[in-house]
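These numbers come from the heavy atoms of this one structure, side chains and all, not from hydrogens, waters or symmetry mates. Quantities reported herein were computed from a predicted structural model and do not represent experimental measurements. So you know, we letter chains A, B, ... as the sequences are listed, proteins then strands, and number each from 1.
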There are 2 protein chains.
Amino acid sequence: MTLQGTLLIGQQAVTGSQAEIFAINPATGEALAPTYHGGSRAEVEQACQLAEAAFDHYRETSLETRAHFLETIAEEIEAIGAELTERGVAETGLPQARLEGERGRTCGQLRLFASVVRAGEWLDIRLDPALPERQPLPRADLRQRHIPLGPVAVFGASNFPLAFSVAGGDTASALAAGCPVVVKGHSAHPGTSELVGSAIQRAVAKCGLPEGVFSLLFGSGKEIGQALVADPRIKAVGFTGSRSGGTALMATAQARPEPIPVYAEMSSINPVFLLPEALNARGSKIAEGFVASLNMGAGQFCTNPGLVIGLKGPDLDAFVATAGEAVKASAAQTMLTPGIHTAYQSGVAALSGSPHVKEIARGQTNNAPHGCQTGLFVASANDFLTDEALQSEVFGATSLVIECRDSDEMQRVADQLEGQLTATLQLDDGDLAAAKRLLSILERRAGRILANGWPTGVEVCHAMVHGGPYPATSDARTTSVGSAAIYRFLRPVCYQDLPAGLLPEALRDDNPFNIARLVDGKREG
Amino acid sequence: MTLQGTLLIGQQAVTGSQAEIFAINPATGEALAPTYHGGSRAEVEQACQLAEAAFDHYRETSLETRAHFLETIAEEIEAIGAELTERGVAETGLPQARLEGERGRTCGQLRLFASVVRAGEWLDIRLDPALPERQPLPRADLRQRHIPLGPVAVFGASNFPLAFSVAGGDTASALAAGCPVVVKGHSAHPGTSELVGSAIQRAVAKCGLPEGVFSLLFGSGKEIGQALVADPRIKAVGFTGSRSGGTALMATAQARPEPIPVYAEMSSINPVFLLPEALNARGSKIAEGFVASLNMGAGQFCTNPGLVIGLKGPDLDAFVATAGEAVKASAAQTMLTPGIHTAYQSGVAALSGSPHVKEIARGQTNNAPHGCQTGLFVASANDFLTDEALQSEVFGATSLVIECRDSDEMQRVADQLEGQLTATLQLDDGDLAAAKRLLSILERRAGRILANGWPTGVEVCHAMVHGGPYPATSDARTTSVGSAAIYRFLRPVCYQDLPAGLLPEALRDDNPFNIARLVDGKREG
């Protein structure tokens, strides 16, 4: 299709009236056509009004209709073909294979949510039948289901132009829950966003749904993004991005006359603990795995291993030496945007300039613009424990090794960590006791704990938790990846003594949709 | 037992160092011995430190140990005997039968949570087994459970000295989830609080749990309460009280370096819609039920019916006349505290003084201090829609009838309601179509929808939702009554490829605790 350079408001394509937005190919520095224009408050208003108008119809669509809609979005995205991945490559500098994989993940995610919608467990149906004879007081007939919160604002992320963007996990889970979605597309990949947004538009039309189920805006986060979160019709927010961006949205959401939940996935340095036996037995293998994980996607993953903790000594020295060699051999990869590249450079410069930090190795440079030069640094645990700045995320392929005097100090480092998306233990059988002590600390600080693996690579499944205590996210009670993400956009409603003619169908005695439910506290189905 | 007039910090009884607190018998105005002294920041510090120290042990107690602990609390409360209800009556002015009923509810609630803990569904166990052969990438072994958030601050409510206080729903659900609890007892009933607090202390000791599992503080909400919510070891807050109190805690919780969830149950006027057929067929019976509900507990219920909406005309006039007669015949009941009585008087005065409001009837007065004179007022829908002040909660037995020109205007009134705990429909068969339209509006504004009943009386069961959109509560995604309240204090953690020796027991392949779980997306057990 020909890109229009427009916002998508319901079924309309609307040319923005505000500042120009154009994608830059970070591998070449060239601007990509077409030029987009940011939306104004008028378009925010229009998108929210359509979303509100669509909500009551959309939230009462049948499970099958909604599941089919999610599958239709996946089909429409696949039907775009190579244009999507080519545009994605041009706008992000990511390799073709990565975009293809991400498309598969995105469509798989939509289909997973379709299956979740059909199963209906997310309705959390609970029936407590009336007990008219109970003494001293009878019990009324009480039935509970979950209903969607209302229209949801989703912010596309820079680093996953498909999987965490216009039709990414936030959008898929909100639509699955029955919430219309207004996306603020990331300005770094407007073409990719428009292609995917058009696919959703087509799916809305094909499924005969009200047009307000989906809109796509472009524009400044500070203006359009904030206006969207402040709009009274928006009832929840999904965001993946920086800590400053996420906390700004949290503040706006809390300052509304009616505060709303914000699910912001922000910053994480994903500590990796090297336990002594494992380090001794297979330090160089771990070092290779580490640097491979560090370099994935030029380090532009929320789950990039930015901190490695080990006991000072010959085994850690050997690990650092091997990792340093691998870092030196690392080719520079193009970063997503000039801005991200600049921020990476200054983050690395801040580490380099710290009196507490020693440079171990830097990777290759190349002459292309915006290449990420991998970095490996080292600091003592003692300095880490006293210098908060060493916990700052450097978004990109740079990691800091922390040398601990003993296992007590290693525990203290664990104890002082901010909230994280992940924490990893590299351990062998002999490390089990130490690992157990660390586990009980790390559980309180991370959403996912890994053993002998690497945190990059987040499976989309039922057991996944892509979340964690603040500042990893704004709400540790949830996950933004995996089927449980649907629960973010729901709230319970109880119906007391409703006559059959008024009761929502899913709550009827005869369980017409055959959904698992809790009857008088007992699980059925 | 002899009341000590102390704070309870872990297993210690500690005399506070701050301003005097003493209960006043609102029926007589007399001060009740002993005198309590508010705690200082030092006691907040000590209670939080003990709670933090207890957490790791307590959260990994077996399901049976924790369930038995909750049951032991119930037994210890019952073992106090008549002293508890007598002190409760003296401190609150509520009748003996009400205190006895509330004790039954409180102990029943603890036992319900014991059964919930044993069933273990709240762990939300999810297993996605490894798929080592999967193409293009293998899947790791991924397992999820929920873990408790950490120590929880609970604020006792004035209006339920047992069921929403020291061992009330917030405490029971937080302890069930595995969170130590620090209670800030309500200053209106310190003796009742100390009695119940001592019962929990004894249960902690009998069950061999770390003392920090429970502490009870007294003191100023603005000082001790705020200090508690600001303490970095506190990870969630349960509160039932006023809108100003709740929003102040929300602001503190959001301003922390690590923001935490606040579950504040605040204000609600619990609209009752009188649909035309029902009003015509049984208006006077509805009027009697309405005034009985209005007068329950001197109207000091979160779910008191403070707003009644009907179509202007002879049927509504007849309803108002009957209700007015019942109001005039209503005896004055003693209110909980002098402060609540004063606030009630000024709330009623504000209504009386409004140019938009007409007084229909006032109840009896009596000569005792702090008697609640029931009140019934009327206003037009048109005025209600333009005068925000008419939505303000008057805490006590006063209600406002809204006269609508037609059913469209009735819908507009529904549409403009703030978030509510409940909404009630009085309907007959012929009202079904109108009720359906209202239901889809009211679902978005309330946590519980009732037909042909009264909102006072909140069943403690599995399907109950005592919650609702802001400002009814600070978090519409939850309930503070019923078994689902446990989910407020939990967060998910995913374990990836953990060796068997490190894996939490509940996640083992052989399901040693026989808990229902989701395996590869399929429900088992």
Please state whether the side chain, the backbone, both or neither of [X] comes within less than 4.5 Å of a heavy atom of chain A.
X      : value
B:P504 : side chain
B:L498 : both
B:L427 : side chain
B:F489 : neither
B:T478 : backbone

Quick one: [atom1] on [X] to [atom2] on [Y], what's the gap to the nearest 0.5 Å?
X      : Y      : atom1 : atom2 : value
B:L518 : A:S483 : CG    : OG    : 6.5 Å
A:E459 : B:D141 : CD    : CG    : 11.0 Å
A:L502 : B:L438 : CG    : CG    : 9.5 Å

What residues of residues 415-426 of chain A sit under 4.5 Å from chain B when you count only heavy atoms?
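Listed by number, the contacting residues are A:L425.
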Residues of residues 441-455 of chain A under 4.5 Å from chain B (heavy atom pairs)?
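Checking residues 441-455 of chain A against chain B gives A:E443, A:R444, A:A446, A:G447, A:R448, A:I449, A:L450, A:A451.
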With a 4.5 Å cut-off on side-chain heavy atoms, are [Y] and [X] touching?
X      : Y      : answer
B:L439 : A:Y495 : yes
A:R491 : B:P469 : yes
A:V465 : B:V493 : no
A:M464 : B:L142 : yes

Chain A interface, residue from B:E121, B:K235, B:R143 that has the most non-hydrogen pairs under 4.5 Å
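When all of B:E121, B:K235, B:R143 are compared, B:E121 has the most.
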B:P257 to A:Y470 - nearest heavy-atom pair and separation:
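Between these two residues, the closest heavy atoms are O-CE2, 3.1 Å.
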Tell me, side chain or backbone of [X] under 4.5 Å from chain B's heavy atoms, or both, or neither?
X      : answer
A:R134 : side chain
A:D475 : side chain
A:R139 : both
A:S474 : neither

What option among A:R59, A:H146, A:H466, A:R488 has the most heavy-atom pairs under 4.5 Å with chain B?
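Heavy-atom pair counts peak at A:R59.
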Out of A:A516, A:G467, A:P261, which one racks up the most heavy-atom pairs below 4.5 Å with chain B?
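Winner by heavy-atom pair count: A:P261.
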Is any NZ, NE, NH1 or NH2 atom of the basic residue among A:R437 and B:D56 found under 4.0 Å from an Asp or Glu carboxylate oxygen of the other?
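Judged by the 4.0 Å cut-off on N to carboxylate O distance, A:R437 and B:D56 do not form a salt bridge.
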Using atom types as modelled and distance alone, determine if a side-chain donor or acceptor of B:R126 lies under 3.5 Å from a backbone N or O of A:H462.
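Confirmed, B:R126 side chain pairs with A:H462 backbone.
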If we ignore hydrogens and angles and just use 3.5 Å, is the side chain of B:D128 paired with the main-chain N or O of A:A463 as donor and acceptor?
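Side chain of B:D128 to backbone of A:A463: a pair is present.
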